[in-house]
Amino acid sequence: MLDVTYIRENAEKVKQAMQNKGESNPEIVDKVITVDEQWRSLVQETDELRSESNDKAKKIGALMGQGKKDEAQEIIDYTSKLKEEIQEKETKLRSLKNHREDLLLQIPNVPHKSVPVGKTEEDNEVFKSWGEPNKEEWRKPHWELGEEQEWIDFERGAKVTGAGFPFYVGPIARLQRALINYFLNTATENGFTELQVPYFINEDSARGTGQIPDKEDMMYEIPRDEFFAIPTAEVPVTNFHRDEIIDKDDLPIRYTSYTPCWRREAGSYGKDVRGLNRLHQFDKVELVKMVHPDDAYDELESLREYAESLLEALEIPYRTLLMCTGDMGFTQTKKYDLEVWSPGQQRWLEVSSCSNFGSFQARRMMLRYRKENGDTETLHTINGSGLALPRVVAAILEIYQQEDGSILVPDVLQPFMGTEIITS
RNA sequence: GGAGAGGUGGCCGAGCGGUCGAAGGCGCACGCUUGGAAAGCGUGUGUGCGUCUAGCGCGUACCGAGGGUUCGAAUCCCUCCCUCUCCGCCA
């Protein structure tokens, strides 16, 4: 959610941003400004009446104290009418505020000036490439190898739960654990504080990071207890400091957290969902930063570089895309996607998405910091994966695949795996 | 899950229908005092929203959350949430 004051003062800029992001109704900007004006003038009127009513109530109290019941009664008759008027205005106020909120929620975040303007993924910019994508065709896709070697059991997963909930068996279960440990250790060594978080969240938290309203369909629900299963650790981690004021000397705050993630992924199909490409439950190590607004873009770059360094350490070829305005999402001001090369599929797979949300999330959850002069200000949030597990596993199974079906273990994982090679 | 107690400012803790945004204490900040420090003394110290003459201004809202009673609610009533104690259950 953008700041109304900002919208009021930058109406044209916001409209342009909406157009660049492919939002079709920039007239919402004018509407929001109108509703906001109505709301503000009504606030003033209401506050004046309240002020009068408070005065009168005090007078009544004083008169009652002196036993002057008749005089008090006169004022009471008057304030009863006042009261009705106030209640009327309060009702109107509530509906105006809700209307303003509804409109505000339809206005996307404003992209940074360094973001390429574009409509679809075609317009994303290749920001960086690392390593050589392997074009050899003999490598099996990870699902074929995984099933052959009985390392990944999709069928039993489907039996026990449903499609998209695989079992990982033996050495591949261990490989995931190795990756998780490696990612968490590395993040901790790089200044991120590890957090173990609740896997279920309440509605307020879902609202805070923007899953609600609009994207609740992505989440699994536990209706009886009014919880949602987390679609990413971003939700509990960012909400950790919801409704708090953080001392500026404590910024930036950096957290890392490993969690399973649950996503309904309604509407996905075809090659997108083959094997480990897209699951309903997957593991991820998430990175979240809460930063001073002036540092946000530097912090985004360093987050991106950090995520890239993980892939380099694993020696997995990748490319970094700078997402264009049309493909970057509603809440972000700038976003990079990291994609690894899958030689078994001859395609790129996204393993990390690093985004700056500006004050968009923080405003919704009243997440502020205290400035030098004592004022409070909304801080900025940044997050990214470091990294999402299944596609990294897929890449390792394909890139490190030998002709006999065994898998060489990347150097950095060997201490965690206790072996240099995975055989069936 | 059953029975009871309770949720007030950064913290502790009073208030239990009117003058309460809220006593008192602690903490913190600044000043005085001191050779320096402690003690002592003085002043200040919540958040959101609106507003302007933008001031250590004015108004308003907020004492777990939401609703209600009343001219007036931190105080009374209802619903919910959370915490603590005992019992039950249990990784």
Side-chain angles (χ1 to χ4, degrees), chain A residues 1-9 32-105 196 198-208 212 222-228 236 239-251 253 260 359-379:
Chain A
M1 191 166 65
L2 285 176
D3 180 11
V4 207
T5 311
Y6 175 86
I7 295 176
R8 220 188 292 150
E9 288 163 4
V32 103
I33 291 172
T34 309
V35 173
D36 180 56
E37 257 157 32
Q38 291 169 352
W39 177 80
R40 280 185 296 142
S41 72
L42 192 58
V43 164
Q44 280 211 70
E45 290 172 28
T46 313
D47 279 356
E48 277 165 27
L49 291 183
R50 277 172 177 159
S51 176
E52 192 184 349
S53 160
N54 287 344
D55 277 353
K56 294 284 190 278
K58 275 178 197 167
K59 260 183 211 142
I60 293 165
L63 289 171
M64 298 290 252
Q66 296 162 26
K68 297 178 179 170
K69 290 229 165 100
D70 294 344
E71 279 182 55
Q73 190 54 46
E74 270 175 49
I75 308 182
I76 289 175
D77 292 342
Y78 174 73
T79 43
S80 302
K81 273 183 239 151
L82 250 189
K83 194 189 161 192
E84 279 172 37
E85 220 176 311
I86 291 171
Q87 275 174 343
E88 243 170 69
K89 286 199 192 295
E90 280 175 342
T91 309
K92 240 185 256 171
L93 218 44
R94 244 193 310 272
S95 92
L96 275 175
K97 200 176 180 182
N98 287 341
H99 189 197
R100 188 182 70 163
E101 180 92 356
D102 287 345
L103 293 170
L104 277 175
L105 289 171
Q196 282 192 347
Y199 295 163
F200 297 156
I201 45 148
N202 59 30
E203 208 182 299
D204 285 344
S205 298
R207 202 176 300 282
I212 293 179
I222 296 111
R224 182 166 169 175
D225 297 290
E226 297 184 316
F227 294 142
F228 296 94
N239 275 283
F240 188 58
H241 290 295
R242 168 151 54 89
D243 287 323
E244 290 182 21
I245 300 168
I246 290 159
D247 197 288
K248 68 161 182 25
D249 294 332
D250 292 334
L251 298 180
I253 292 178
S359 60
F360 215 73
Q361 290 182 325
R363 179 164 302 105
R364 303 195 63 181
M365 62 174 83
M366 292 289 281
L367 174 47
R368 298 96 89 206
Y369 73 99
R370 193 175 300 284
K371 297 204 280 192
E372 199 76 64
N373 67 6
D375 287 354
T376 59
E377 186 171 80
T378 314
L379 50 73

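The chains referred to below are lettered A, B, ... by the order of the sequence lines, with proteins before strands, and numbering in each begins at 1. Excluded from the calculations below are hydrogen atoms, water molecules and symmetry mates; all remaining heavy atoms, backbone and side chain alike, are included.
The residue Ser53(A) sits apart from the nucleic acid: no heavy atom pair falls under 4.0 Å. If you check every strand for non-hydrogen atoms under 4.0 Å, Leu82(A) touches nothing.
Checking G50(B), U70(B), U47(B) against every side-chain atom of Lys83(A), the shortest atom distance belongs to U70(B). Here the nucleotide nearest the side chain of Gln44(A), chosen from G50(B), G18(B), U60(B), is G50(B). Of the candidate nucleotides U47(B), G50(B), C71(B), C71(B) has the atom nearest to the side chain of Ala57(A). When each of U47(B), C71(B), G50(B) is scored by its nearest atom to the side-chain atoms of Ile245(A), the top-ranked nucleotide is U47(B). Closest to the side chain of Thr376(A), out of G18(B), U60(B), G48(B), is G48(B). Ranking U51(B), U60(B), C71(B) by closeness to the Ile60(A) side chain, first place goes to C71(B).
Nucleotides A61(B) and G21(B), compared at atom P, are 9 Å apart to the nearest Å. Of the C1' atoms belonging to G10(B) and C28(B), the separation is 9 Å, rounded to the nearest Å. One P atom belongs to C11(B), the other to G46(B), and the distance between them is 14 Å to the nearest Å. Here, A22(B) and U8(B) have their C1' atoms 9 Å apart, quoted to the whole Å. Distance noted for atom C1' between A5(B) and G25(B): 25 Å (whole Å). Using C1' as the reference atom, U47(B) and C63(B) are 13 Å apart when rounded to the nearest Å. Only the C1' atoms considered, G48(B) is 36 Å distant from C32(B), to the nearest whole Å. One C1' atom belongs to G13(B), the other to G31(B), and the distance between them is 29 Å to the nearest Å.
Atom NZ of Lys92(A) has 12 or fewer heavy atoms from other residues, nucleotides or ligands within 6.0 Å.
Of the inter-residue distances, the one linking Ile222(A) atom CD1 with Phe228(A) atom CZ reads 9.0 Å to the nearest 0.5 angstrom. To the nearest 0.5 Å, the span separating CD on Glu85(A) from CD on Glu88(A) amounts to 7.0 Å.
To the nearest angstrom, C1' of G21(B) lies 13 Å from CG of Asn54(A). We find that CE of Met1(A) is positioned 10 Å from P of C49(B), with the value rounded to whole Å. The CG-P distance, from Asp55(A) to U19(B), rounds to 13 Å in whole Å. Counting to the nearest Å, the C1' atom of U70(B) and the CD atom of Gln73(A) are 13 Å from each other. Taking atom CD of Gln87(A) as the reference point, atom P of C71(B) lies 11 Å away to the nearest angstrom. When the P atom of C81(B) is taken as reference, atom CZ of Phe227(A) falls 11 Å away, rounded to whole Å. For the pair Asp225(A) CG and C81(B) C1', the interatomic distance rounds to 13 Å; values are reported in whole Å. Atom CE in Met365(A) sits about 17 Å away from atom P in G48(B), given to the nearest Å.
Between Arg40(A) and C49(B) there is no side-chain polar atom (N or O) within less than 4.0 angstrom of OP1 or OP2. Checking the phosphate oxygens (OP1, OP2) of U47(B), a side-chain nitrogen or oxygen of Arg370(A) falls inside 4.0 Å. Between G50(B) and Arg50(A), no contact under 4.0 Å exists linking OP1 or OP2 to a side-chain N or O. Side-chain N/O atoms of Ser51(A) include one lying less than 4.0 angstrom from OP1 or OP2 on U60(B).
Residues passing the side chain to side chain donor-acceptor pair (under 3.5 Å) test with Glu71(A), sequence neighbours excluded: none.
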task: Take Gln361(A) and Leu367(A) through the test side chain to side chain contact (heavy atoms under 4.5 Å, CB included) and record every step on the way to the result.
output: CA-CA 8 Å; Gln361(A) 290 182 325; Leu367(A) 174 47; over 6 Å; no
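Although no hydrogens or angles enter the test, the distance criterion places a donor-acceptor pair under 3.5 Å between the side chain of Asp3(A) and the main chain of Thr5(A). Judged by distance alone, with hydrogens and angles left aside, the side-chain atoms of Ser53(A) form no donor-acceptor pair with the main-chain N or O of Leu49(A) at under 3.5 Å. Although no hydrogens or angles enter the test, the distance criterion places no donor-acceptor pair under 3.5 Å between the side chain of Ser51(A) and the main chain of Asp47(A). Using a distance-only test at 3.5 Å, with no hydrogens or angles considered, a donor-acceptor pair links the side chain of Arg363(A) to the main chain of Met1(A).
Nearest-nucleotide positions on RNA chain B place Gly374(A) closer to the 5' end than the other of Asp36(A) and Gly374(A). Both Arg100(A) and Arg94(A) sit near RNA chain B, but only Arg100(A) has its closest nucleotide nearer the 5' end.
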query: Could you spell out the base pairing of RNA chain B in dot-bracket, with Watson-Crick or G-U pairs whose two distances are under 3.5 Å, [ ] crossing and | to another strand?
result: ((((((((.[[[..)..(.....]]]((((((.......))))))((((((.....)))))).[[[[[..)....]]]]])))))))....
